[in-house]
Amino acid sequence: MAVSPHRREGPDASAEIAVRLADFVLRRPASVFPAPVLEQARYLLLDTIGIAIAAGPMEAGRIARDAATLLYGSSDSQHSARMLFDGRRVSIAGAAYATATQIDNLDGHDGYSPTKGHIGVVVVPALAALAESRPDLSGPEVLAALIVGYEVAGRAGIALHATVSDYHTSGAWNALGVAAVAARLRRLSDDQLREALGIAEYHGPRSQMMREIATPTMLHDGSGVGALTGLSAAVLAERGFTGAPAITVEAPEVASHWQDLGAFWQVLHQYVKPYPICRWAHAAIDATRGLCLAHHLSPTDIQHIQVNSFHYAATLFDGMPDTTSKAQYSLRFAVATFIMHGRIGLEHISGNGLEDSAIADMLSRITVSESERHSARFPAGRWADVVITTTDGRVLMSGDVHARGGPEAPLTDAEIEAKYMEFAAPVLGQGRAGAIRDVVLSLTDPDSLFSDLSVLLYDPPVITKMHQRPAW
């Protein structure tokens, strides 16, 4: 096959990419990041913080934070941080681990289709842990560090999926994004960055995603350990520990995945979820949503729903879930919940929502099949079509529908802000939640500082009767 004169392959290309990567991660000033990229990073940060807030009272988050205090304590002020919305101080790696695990267990955070996984879940907790010791960090530099994590993690994920036969969780590759954020904020050298990426890749959890899909638990997408690994790798490299090369960065066969670094911005292609459910189910939910809105269908109008989607969507948990983990890795349950309530909220995937007999009845009227047409378009797309048979004998077809929230059908800024408030306000109250929103959205201002945000991030919520929410 002929090679384009503008596209190098082999050792020379790998060396060139290593230099460009170090320039991008360590030395690219925030002032030269494109304005639309910085602006989009604000919304990814806001959305992820909202999920972190909402997930705080959940059992998995409480366990992760308590475990971090037991396992990952630190008395060194340069290597410790308070856990988000908790206030207890642990190591920076422990703080990132706890918050990433917390976010990972509420499946409403952003993702990137080509990686079949998630980035914000680790880079936001890492940023918060690292930046606490740098209150003078400017808002644009906060966003630039975040972008570095997204761009490195996304390419590492694509490279891993392209070179191995099995499907690993996000923690296997998003650890490299965390290492990159840490290298930038801790001012590592080129050589230290290279070693940190190699250590992060080597120690990254090669956990099996489909095992978790088959039996949903609090393990979710392996991102808690990914965050722990990435920050640990950076500190090890900083102290002189070696671990290069990272194969997903330096192997000749993955060079093509890194050649557009700094030109194609993956940040602009992340999806933001409208539902706290595995995105594999979103196309089916959106197709159902479209038919219900177009034909003014109520639950009593629906006799049967046939969902056709891609292979992985068809493998999602099939029955009535009895845990929050199973509810988030559902399809039939998610579609049934949307039909009954017109939305999917935290109250539907936890507590009494898992014992709703009306949902169970609707679920029994839904069947799911794999469509080769939709499978062929995965992972680039998340497609489904739905056929609803009504009680009066009509057969309504959605046609092919792609999941909302990504570049194909993005949520508006107003929708992302509304989602954030829906998740954050019941835990923090309208005042504090709104203040966080306003500061995050002002971070593109050159005069803004991380300290403007940090004063709002670490104290635990003050639960009052006005905004009390049960522990899910």
Side-chain angles (χ1 to χ4, degrees), residues 41-62 64-66 68-69 81-90 95-96 98-106 108-110 120-121 123-139 142-143 146 272-273 276 345-347 350 411 413-445 447-472:
R42 297 178 306 166
Y43 280 97
L44 296 176
L45 176 59
L46 180 70
D47 185 63
T48 306
I49 289 175
I51 298 302
I53 294 166
M58 295 175 69
E59 184 180 15
R62 295 199 304 269
R65 297 193 305 275
D66 289 345
T69 64
R82 289 171 292 168
M83 291 182 285
L84 287 182
F85 307 105
D86 179 287
R88 287 177 288 175
R89 187 168 289 276
V90 296
T99 304
T101 300
Q102 183 168 308
I103 296 169
D104 205 18
N105 274 271
L106 179 54
H109 48 284
D110 65 34
V121 61
V123 295
V124 170
L127 174 68
L130 290 158
E132 191 184 3
S133 64
R134 295 192 55 190
D136 60 336
L137 202 65
S138 74
V142 167
L143 298 177
L146 192 69
V272 174
K273 290 183 173 183
L346 294 172
E347 69 273 24
S350 57
L411 300 186
D413 293 349
E415 286 174 319
I416 296 173
E417 292 178 39
K419 175 195 169 185
Y420 163 80
M421 291 299 292
E422 178 184 354
F423 279 81
V427 177
L428 296 185
Q430 290 282 336
R432 186 176 172 191
I436 291 172
R437 175 201 59 208
D438 295 344
V439 173
V440 169
L441 296 181
S442 73
L443 290 177
T444 48
D445 183 341
D447 294 327
S448 63
L449 295 172
F450 179 75
S451 58
D452 301 332
L453 180 60
S454 66
V455 296
L456 298 165
L457 289 183
Y458 300 102
D459 290 341
V462 178
I463 303 296
T464 71
K465 290 182 180 179
M466 291 298 293
H467 60 274
Q468 189 170 16
R469 172 181 276 167
W472 302 294

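Values below: every heavy atom of this structure, side chains too, minus hydrogens, waters and symmetry copies.
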Write down the atom of [X], the atom of [Y], and the distance for their closest heavy-atom approach.
| X | Y | result |
| --- | --- | --- |
| Leu146 | Ala41 | CD2-O, 3.8 Å |
| Ala100 | Pro125 | N-CG, 3.8 Å |
| Leu411 | Val272 | CD1-O, 3.6 Å |
| Ala95 | Ala129 | CB-CB, 4.1 Å |
| Ala433 | Leu428 | N-CB, 4.2 Å |
| Tyr420 | Gly50 | CD1-CA, 3.5 Å |

Could you measure the distance from the [atom1] atom of [X] to the [atom2] atom of [Y]? Nearest 0.5 Å is fine.
| X | Y | atom1 | atom2 | value |
| --- | --- | --- | --- | --- |
| Leu127 | Glu132 | CG | CD | 11.5 Å |
| Ile51 | Gln102 | CD1 | CD | 11.0 Å |
| Met58 | Leu346 | CE | CG | 7.5 Å |

Under the side-chain contact (heavy atoms from CB on, under 4.5 Å) rule, what do Asp104 and His109 come out as? Steps first, then yes or no, please. CA-CA 8 Å; Asp104 205 18; His109 48 284; 3.9 Å; yes
Sequence neighbours excluded - salt bridge (charged side-chain N to carboxylate O under 4.0 Å, His left out) pairs with any residue from residues 424-439: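 For residues 424-439: none.
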Mark yes or no for whether Lys419, through its side chain, and Ala414, through its backbone, hold a donor-acceptor pair below 3.5 Å.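 Between the backbone of Ala414 and the side chain of Lys419 there is no qualifying donor-acceptor contact (under 3.5 Å).
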Using a 3.5 Å distance criterion without hydrogens, assess whether the side chain of Thr99 forms a donor-acceptor pair with backbone atoms of Ala96.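 A pair under 3.5 Å: no.
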Single hit among Val455, Leu457, Leu449 for side-chain contact (heavy atoms from CB on, under 4.5 Å) with Leu453: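 Of all the options given, the one that passes is Leu457.
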Apply the side-chain contact (heavy atoms from CB on, under 4.5 Å) test between Phe85 and each candidate in Val427, Leu456, Asp459, Ile53; give the one that qualifies.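 By the side-chain contact (heavy atoms from CB on, under 4.5 Å) criterion, Phe85 pairs with just one of Val427, Leu456, Asp459, Ile53: Ile53.
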Go through the steps for Arg88 and Arg65 under the test side-chain contact (heavy atoms from CB on, under 4.5 Å), then give the verdict. CA-CA 9 Å; Arg88 287 177 288 175; Arg65 297 193 305 275; 3.7 Å; yes
Is [Y] close to [X] at the side-chain level, that is, under 4.5 Å between some pair of heavy atoms?
| X | Y | answer |
| --- | --- | --- |
| Val440 | Ile436 | yes |
| Asp86 | Tyr458 | no |
| Leu45 | Leu443 | yes |
| Met421 | Gln430 | yes |

Side chain to side chain contact (heavy atoms under 4.5 Å, CB included) partners for Arg42, two or more places apart: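 For Arg42, the residues satisfying side chain to side chain contact (heavy atoms under 4.5 Å, CB included) (neighbours in sequence not counted) are Glu39, Leu143, Leu441, Thr444.
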Which residues pass the side chain to side chain contact (heavy atoms under 4.5 Å, CB included) test with Ser138, not counting sequence neighbours?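 Here the qualifying residues are Pro140, Glu141.
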Let's go through Asp136 and Phe450 carefully: what are the C-alpha distance in whole Å and the side-chain angles of both, what is the deciding distance for side-chain contact (heavy atoms from CB on, under 4.5 Å) to 0.1 Å, and is it a yes or a no? CA-CA 7 Å; Asp136 60 336; Phe450 179 75; over 6 Å; no
Decide, yes or no, whether a salt bridge links Asp110 with Lys273 under the criterion of side-chain N to carboxylate O below 4.0 Å.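 Looking at Asp110 and Lys273, the cut-off is not met.
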